[in-house]
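Everything on this sheet refers to the single structure shown next.
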Amino acid sequence: MYYSNPYWHIKHNRANSKSTIINGTVNLSYKLNDHITISDNGSVQYVVGDGLAYRDAYSGTSEGIAGVAAITSAYSQNNSISRVIYNDFMVDFDYDLTSDLNLKFLAGFNTQENYTKITSAGGSILNIPGIYTVWNVSTPTQPYNLSNARTLFRKNGLFGNLDLAYKDYLNFNATIRGDWSSKFLNSNSSFSSDYQYWYPSFGVSFNVKCFPKRS
């Protein structure tokens with residue numbers, strides 16, 4: 001009984017990959033006056049990937065001996081690009097409407113983008129042993145059996161947050177967000193879906209500890 005040598009696999013059955021990653025962020029803020037502040041928070045990530053895998057041929061053990069079967073040589077390579085963009089632009093308002101009533105309001109715009117592309121090629125049976133490249137493959141693999149794809153997703157959104165505080169014990173909050181997304185369009189085959197949706201909410205809270213005590 002024979003078993004394939006692990007040291008053979010270390011040398012002749014390899015997969016190598018490397019990635020280059022670039023990240024960038026921006027955080028800006030400007031106080032227009034005592035009541036209005038403008039800010040922008042964004043980030044970008046760019047990734048480039050390069051990978052290859054190869055396997056050398058092995059003739060197998062002698063006939064009539066229960067051992068390791070023959071191994072066919074193969075080669076494959078892939079290249080990928082990924083880009084992710086995220087940004088929030090916001091304006092904050094803070095006003096005392098009266099001596100007892102405070103208003104805080106946040107309005108913002110959000111944008112996102114995700115882009116990915118991967119291209120692959122390869123096949124089996126190397127014409128010249130030890131030459132690892134696509135042109136040396138005698139039996140190419142069909143592209144639809146490999147990872148070949150390109151995707152692009154974009155989403156934009158508007159959002160707002162309103163806070164009203166009366167004498168520190170009565171608070172009202174309302175929020176709203178609207179998203180425009182390429183994934184929303186025809187996302188449900190049972191009806192004609194839209195690419196834009198709104199998400200409102202509101203709430204009221206009461207702080208007993210801060211409620212004025214009777215004299």
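The basis for the numbers below is simple: all heavy atoms, side chains too, and nothing from hydrogens, waters or symmetry mates.
- You'll find the side chain of Asp94 reaches within 4.5 Å of the side chain of Asn102, heavy atoms only.
- Note that the CG atom of Leu106 and the CZ atom of Phe93 stand 9.0 Å from one another [nearest 0.5 Å].
- Remark: the backbone N or O of Thr111 is not paired with any side-chain donor or acceptor of Asn87 at under 3.5 angstrom.
- Note that OG of Ser205 and CG of Leu170 are 7.0 Å apart. Values are rounded to the nearest 0.5 Å.
- The distance from the NZ atom of Lys117 to the CZ atom of Arg150 is 5.0 Å, given to the nearest 0.5 Å.
- Two residues are said to be in side-chain contact when any heavy atoms from C-beta on lie closer than 4.5 Å; Asn114 and Thr116 fail this criterion.
- In this structure the side chain of Met90 never reaches within 4.5 angstrom of the side chain of Asp40, judged on heavy atoms.
- Between Asn23 and Ile21 there is a side-chain heavy-atom pair separated by less than 4.5 Å.
- Note that the CD1 atom of Ile176 and the CZ atom of Phe159 stand 12.5 Å from one another [nearest 0.5 Å].
- No path of Ile, Leu, Val, Met, Phe, Trp and Tyr side chains, each step under 4.5 Å between heavy atoms, connects Tyr58 with Ile128, placing them in separate hydrophobic clusters.
- For the side-chain hydrogen bond (donor to acceptor under 3.5 Å, both in side chains) with Asn110, the lone residue among Asp179, Asn41, Asp88 that qualifies is Asp88.
- Looking at Thr37 and Ser29, their side chains come closer than 4.5 Å, going by heavy atoms from C-beta outward.
- Cluster membership for Ile85 and Leu158, using ILVMFWY side-chain heavy atoms within less than 4.5 angstrom, is not shared.
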Quiz item: What's the verdict on side chain to side chain contact (heavy atoms under 4.5 Å, CB included) for Leu152 and Glu113, showing C-alpha distance, side-chain angles and the deciding distance?
Solution: CA-CA 7 Å; Leu152 176 61; Glu113 180 180 289; 3.9 Å; yes
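- Judged by distance alone, the side chain of Asn173 and the main-chain N or O of Gly203 form no donor-acceptor pair under 3.5 Å.
- Ile22 and Val44 end up in different hydrophobic clusters when Ile, Leu, Val, Met, Phe, Trp and Tyr side chains are linked at under 4.5 Å.
- One N or O on the side chain of Ser182 and one on the backbone of Arg154 form a donor-acceptor pair closer than 3.5 Å.
- Counting only distance, with no hydrogens or angles, the side chain of Arg55 and the backbone of Thr72 share a donor-acceptor pair below 3.5 Å.
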Exercise. Take Tyr46 and Thr20 through the test side chain to side chain contact (heavy atoms under 4.5 Å, CB included) and record every step on the way to the result.
Key: CA-CA 8 Å; Tyr46 190 77; Thr20 302; over 6 Å; no
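- In this structure, the side chains of Tyr75 and Thr141 stay at 4.5 Å or more apart for every pair of heavy atoms.
- In terms of heavy atoms, Ser138 sits closest to Pro140 at O-CD, 3.5 Å.
- Tyr30 is connected to Val91 through a chain of hydrophobic side-chain contacts under 4.5 Å among Ile, Leu, Val, Met, Phe, Trp and Tyr, so both are in one cluster.
- Classified by interplanar angle (parallel below 30°, tilted 30° to 60°, perpendicular above 60°), the ring pair Trp198/Trp180 is perpendicular.
- Between Tyr54 and Tyr132, the two ring planes are parallel [angle under 30°; tilted spans 30° to 60°].
- Considering all non-hydrogen atoms of both residues, Ala57 and Ser73 come closest at N-CB, 3.6 Å.
- With hydrogens and angles ignored, the 3.5 Å screen pairs no side-chain donor or acceptor of Thr139 with any backbone N or O of Ile125.
- Side chain of Ser120 to main chain of Ser147: a donor-acceptor pair is present (N/O by atom type, distance under 3.5 Å, no hydrogens or angles).
- Of all heavy-atom pairs between Asp56 and Trp8, the closest is O-CH2, 3.4 Å.
- Here the side chain of Asp96 pairs no donor or acceptor atom with the backbone of Ser99 at under 3.5 angstrom.
- Placement of Phe153 and Ile81 in two distinct hydrophobic clusters is found when ILVMFWY residues are connected by side-chain heavy-atom separations under 4.5 Å, directly or transitively.
- Atom CG in Asn171 sits 9.0 Å away from atom CG in Leu164 (nearest 0.5 Å).
- Side-chain contact between Leu162 and Leu103: present, with at least one pair of heavy atoms (C-beta onward) separated by less than 4.5 Å.
- To the nearest 0.5 Å, the span separating CZ on Phe105 from CG on Asp92 amounts to 10.0 Å.
- Looking at heavy atoms from C-beta onward, Leu126 lies in side-chain contact with Val137 at the 4.5 angstrom threshold.
- Distance alone, capped at 3.5 Å, is enough to place a donor-acceptor pair between the Thr98 side chain and the Leu101 backbone.
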